[in-house]
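Step one of this worksheet: look at the structure below.
All values derive from a computational prediction rather than experimental measurement.
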Amino acid sequence: MIILNIKNKYKYLDKKNKRLFLNTFFSLIIKAAAVLISLLILPAYMSYFIDNKILGLWFTALSVLSLVLTFDFGIGNGLRNNLAIAISKNDKINITKYISSAYIMVGSIITIVILVGYLVFYFIDWNRVFNISSEIIPFENLLEVIRIIFIGIMIQFFLKLVNSIMYALQKPALPSLLTLISSIILLIFVSFSEREDSMSNLKKLAYINVLAANLPLLISTVIIFSNKLKFAIPKLEYFDKSYALKIIRLGGLFFLLQIMFMIISNTNEFLISFLSKPENVVDFKIYNSIFGIVGTVFLLAITPVWSEVTDSYARNELGWIKKLYLNLYKIAIAGVIVLIILFFMNQIIINYWLGINRIQTSYNYSIVFVILGVLFMWNAILSSIANGIGKLKTAMIYLTMGAVLNIPLAYLFTNFFGDWIGVVVANIISLLPFCIMQTIWFWKFFKQKSISNTQDVKNNK
């Protein structure tokens, strides 16, 4: 019955809303598949590496070196927004120059970083960095693995620009699909590969990881530049300094915002361990796993919004953007209802998931996580629309303020409450000013645009 109702409503959607619906639907399907793969790959890894120290090394090395992918100076997001505007206008010259400028910038950066990194890595005591004895893995062997992973990530850094192009082409589900394919390749390898000694297994996995991460990106790059963007194949002659600066100027703002948000939301485990006790991180993870899934699913569902808003803003379709903005809040209400249900059922869920008496939940702590979940969805709505239209000043001011306040507030509230929940309360206080002020800004923005459009109509009569 529900499927039939959705199908009937879909028939009456316009072209833009149908595209948004399909992108959201396929993104959720891919996410469900990714969750399944993640559940299967961990035991496969544990079987592949008999020694958990080696497995821990693999996860840690991959995690640390993969941080490089987040430090692209916003070039990917800058390309995404500028290219979406050029595509909406079918401006082939701008499309070509934006793509060539982005690829040449990133290509130049990674060439320098690979050369410097390859040499500098020799002088770093990697055994000490990853806290693993040289008797288990000799320095030379560990250095080789680190270099393999690093070079693979640098290649991925370059090839991942195709994801920004796919977002600009209104194909937001495809980047998630490529990531899923990479995970499937790794799962197949660790499940069926012939086991050898730990060092050989580690080295083989490092090479396969390079292949799994980059082959789907390479194939999709070839396909895109062989078909839809055949005219825009990156070439040195199309590099334009002004276009490169425009990409970095906008992308740099996205990059700074990403850093600010990471300081607020991605430091909780460290702060809880430092300000409270390391074992309390486990309790935080349990609460966050239950209540955080609502925000994660919501964020994934609205991933296509950013590019659609960019396209609509370029076409001056402000009415559609405003309607979408309001509809996102209606969807968020469903998320709030789920959070309330989880509030009353979280002890039952934990007992079933981890076993009875694993943790006795606190209603007060649960309320804090419900509030954080609401703020996370609120932030996702505001960020998707603001990023789409490229109006980032309010976010820059108030997320920077939140990032500056988060750690001192975490210290203050942890001492005030006498427990780790103070860190989560600090998150709430740090995010709240942005959510309030960005909402006020949008209210004024849509009101001003509405008045401006009304006056234009009167002047044209």
Would you say the side chain of [Y] lies within less than 4.5 Å of the side chain of [X], judging by non-hydrogen atoms?
| X | Y | value |
| --- | --- | --- |
| V145 | M199 | yes |
| V210 | I149 | no |
| F150 | I153 | no |
| F369 | L339 | no |
| I151 | Y118 | yes |
| Y243 | S100 | no |
| L211 | F189 | no |
| I436 | Y398 | no |

Exercise. Measure across K235 and I104 and return the closest heavy-atom pair with its distance rounded to 0.1 Å.
Key: O-CD1, 3.6 Å

Quiz item: If you take all heavy atoms of I321 and S312, which pair is closest and at what distance?
Solution: CG1-CB, 3.8 Å

Output the distance between atom [atom1] ([X]) and atom [atom2] ([Y]), rounded to the nearest 0.5 Å.
| X | Y | atom1 | atom2 | result |
| --- | --- | --- | --- | --- |
| N81 | L392 | CG | CG | 8.0 Å |
| L83 | N94 | CG | CG | 9.5 Å |
| Y167 | L79 | OH | CG | 13.0 Å |
| L159 | N214 | CG | CG | 5.5 Å |
| E194 | K204 | CD | NZ | 6.5 Å |
| I75 | I109 | CD1 | CD1 | 4.0 Å |

Quiz item: Between F442 and F446, what is the ring plane arrangement, given parallel below 30°, perpendicular above 60°, and tilted in between?
Solution: parallel

Practice problem: Classify the angle between the aromatic ring planes of F376 and F261 as parallel (below 30°), tilted (30 to 60°) or perpendicular (above 60°). | Solution: tilted

Exercise. Could you tell me whether a side-chain N or O of S164 sits under 3.5 Å from a main-chain N or O of R80, the two making a donor and an acceptor?
Key: no

Quiz prompt | Backbone of I137 reached by a side-chain donor or acceptor of N127 within 3.5 Å | solution = yes

Self-check item: All ring-ring contact (aromatic ring centres under 6.0 Å, His included) counterparts of F239, not counting sequence neighbours
Solution: none

Do other residues, nucleotides or ligands put more than 12 heavy atoms under 6.0 Å from the [atom1] atom of [X]?
| X | atom1 | answer |
| --- | --- | --- |
| I208 | CD1 | yes |
| I93 | CD1 | no |
| Y329 | OH | yes |
| Y122 | OH | no |
| F231 | CZ | yes |

Exercise. Could you tell me which residues satisfy salt bridge (Lys or Arg N to Asp or Glu O under 4.0 Å) with K97, sequence neighbours excluded, listed by chain and number?
Key: D240

